[in-house]
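Working notes for the structure below.
In the text below, chain A, chain B and the rest are named by the order of the sequence lines, each starting its count at 1. Predicted model, so just to flag it, every value in this text is computed and none were measured. Computed over heavy atoms, backbone and side chain alike; hydrogens, waters and symmetry mates excluded.
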4 protein chains.
Amino acid sequence: MIEFKNNKGIFQQIADNLCERILSGEFKPGDKVPSVRELAALLGVNHNTIMRTFIELQHANIVENRRGIGYYVTTTAPEMIQQQRREEFFKSELPAFIQQVKLLNISHQDLQPLFDQLNENQNENK
Amino acid sequence: MIEFKNNKGIFQQIADNLCERILSGEFKPGDKVPSVRELAALLGVNHNTIMRTFIELQHANIVENRRGIGYYVTTTAPEMIQQQRREEFFKSELPAFIQQVKLLNISHQDLQPLFDQLNENQNENK
Amino acid sequence: MIEFKNNKGIFQQIADNLCERILSGEFKPGDKVPSVRELAALLGVNHNTIMRTFIELQHANIVENRRGIGYYVTTTAPEMIQQQRREEFFKSELPAFIQQVKLLNISHQDLQPLFDQLNENQNENK
Amino acid sequence: MIEFKNNKGIFQQIADNLCERILSGEFKPGDKVPSVRELAALLGVNHNTIMRTFIELQHANIVENRRGIGYYVTTTAPEMIQQQRREEFFKSELPAFIQQVKLLNISHQDLQPLFDQLNENQNENK
DNA sequence: GTGGTCTAGACCACC
DNA sequence: GTGGTCTAGACCACA
């Protein structure tokens with residue numbers, strides 16, 4: 001069960017939850033996700049809200065629709081989710097972090113653990 | 001007026017708000033801050049909650065107490081607030097950021113704007 | 001069992017008692033101290049009073065918290081207790097002693113046993 | 001009105017209170033102090049307790065008895081009180097202070113303010 | 001009027 | 001089960 005918070009749209013929160021479950025492997029590429037009515041009843045929200053969720057996920061190439069049957073996880077869903085999160089990261093988290101670094105006058109040395117992680121990432125990609 | 005959110009303690013949010021107002025210059029070092037019961041009434045919370053706020057701020061050397069008179073902003077308050085925020089940054093924000101960098105497999109180049117800011121900080125300190 | 005006196009807060013007396021028991025070795029660094037509600041029941045005080053005790057001890061780096069598990073004696077607890085007592089000494093006991101010396105017009109020679117002790121302390125540190 | 005505490009005898013506390021009032025000038029040398037019955041009624045204690053107080057004060061040459069009339073403050077009372085307090089100081093306060101200095105491993109330099117006071121005392125006596 | 005402490009009891013989140 | 005927070009209300013000391 002999801003507990004809905006105030007600061008984000010409910011449809012967005014449901015989408016995030018589905019993405020989480022896809023990344024965790026609960027729904028694999030090719031799997032059918034629960035139907036609109038099913039989810040609406042389970043979460044106690046209007047079915048239009050679920051539709052909005054699926055439309056967003058479809059735009060992001062995370063689910064695809066088979067007319068009259070239901071929504072299915074795309075084969076590229078995990079990568080698409082990852083990519084979307086990267087976009088979110090560059091659009092909002094990174095600027096916020098930079099803002100903090102600026103305000104607190106953080107120095108190069110202070111971020112050593114961050115650089116260690118970056119180097120690890122780079123080695124993985126080799 | 002402060003809108004109390006769910007994720008942080010009310011007493012903490014009030015403390016944060018007071019720190020903000022000290023940094024903004026609304027309360028200057030040496031100023032008396034509103035009395036415990038005054039704040040409690042104004043914010044519609046229990047006086048014990050305000051006490052908890054002041055105990056925390058006192059431990060952080062941001063306010064000091066004159067018994068029977070009230071709480072006063074310390075001369076070092078702005079620096080102490082800055083210092084506390086740095087601690088918070090290294091204890092919580094930085095690790096969360098590193099976690100994201102790891103999960104999203106962010107590379108060195110992706111963080112160019114961050115490095116630009118770091119270099120600016122360094123130049124200011126010269 | 002602690003007998004609560006009038007001049008100090010109960011929460012402070014409980015804190016002092018715990019420090020005593022840490023110094024005596026009853027609670028060693030890394031040990032778990034009794035839970036908030038256990039202590040409250042044992043001492044017949046409200047659990048909020050024990051919480052206040054632990055908040056103070058935590059600020060003094062004498063215990064640390066593991067959420068949902070309990071409070072644990074820090075590895076540095078004995079030194080922190082010693083250090084805190086020194087602070088207390090300089091803040092309150094020494095001024096009171098000086099006040100007495102002044103009122104009673106005590107002379108240099110009268111304090112010979114004190115100087116002997118000071119010299120012993122100095123030799124230990126060599 | 002005196003509030004009786006638990007750790008000292010009541011007669012002692014009454015004696016301390018009378019000494020305080022003599023030092024403060026409320027009762028001057030040669031003055032008559034309130035009668036046994038009067039004090040007993042005022043303080044709500046047994047007159048034997050007051051008698052015990054006066055016997056102690058008489059032993060200390062702070063009051064003297066004129067048979068059938070009452071107790072009077074001696075001409076030397078202030079000095080005697082001062083002297084008694086010095087005795088108390090050397091018997092109990094100084095040893096306790098030395099004990100603390102030992103436990104906390106206080107150094108010579110730490111007590112600078114004390115030495116300053118001692119030098120002041122010495123100059124007054126010149 | 002100021003702060004300070006304590007209680008009783010509720011409700012939450014985490015494990 | 002653990003800690004953590006908040007409320008309502010009482011009572012105290014100090015000024």
What is the pairing partner of dC14(E), taking Watson-Crick or G-U wobble pairs with both distances under 3.5 Å in any strand?
dG1(F)
I need the CG-C1' distance between Leu43(B) and dC6(F), as an integer number of Å.
14 Å
Between Met80(B) and Ile22(B), is any pair of side-chain heavy atoms under 4.5 Å apart?
no
Closest of dG3(F), dG3(E), dT2(F) to the Glu38(C) side chain is dT2(F)
Spacing between Tyr72(B) atom OH and dT2(E) atom C1', to the nearest angstrom:
10 Å
Is there a side-chain contact between Arg85(C) and Leu104(D) in this structure, where contact means two heavy atoms from C-beta onward sitting under 4.5 Å apart?
yes
Please give the nucleotide sitting opposite dC6(E) as a Watson-Crick or G-U wobble pair, both distances under 3.5 Å, or none.
dG9(F)
Find which nucleotide of DNA chain F each of Gln12(B) and His47(B) is nearest to by heavy atoms, and output the residue with the more 5' nucleotide.
Gln12(B)
How is Arg37(B) classified with respect to the nucleic acid when contacts are heavy atoms under 4.0 Å: base, sugar-phosphate, or nothing?
base
Below the 4.0 Å mark, does dT5(F) have OP1 or OP2 next to a side-chain nitrogen or oxygen of Arg52(B)?
yes
Tell me: CE of Met51(C) to C1' of dT5(E), nearest whole Å?
16 Å
Phe54(B) CZ to Tyr71(B) OH distance, which is reported to the nearest 0.5 Å
7.0 Å
So Asn48(B), base contact, sugar-phosphate only, or nothing? Heavy-atom distance under 4.0 Å.
base
Between C1' of dG4(E) and CD1 of Ile69(B), the distance in whole Å:
15 Å
Can you check whether Asp16(A) reaches Glu20(A) side chain to side chain, under 4.5 Å on heavy atoms?
no
Does OP1 or OP2 of dT2(F) have a side-chain N or O of Ser35(C) closer than 4.0 Å?
yes
Is the His59(B) ring parallel, tilted or perpendicular to the His59(C) ring (thresholds 30°, 60°)?
tilted
Heavy atoms only, 4.0 Å cut-off, all strands: where does Phe11(C) land among base, sugar-phosphate and nothing?
sugar-phosphate
Among dC6(F), dT2(E), dC6(E), which nucleotide sits nearest the side chain of Ile10(C)?
dC6(E)
OP1 or OP2 of dT5(F) less than 4.0 angstrom from a side-chain nitrogen or oxygen of Asn46(B), does that happen here?
no
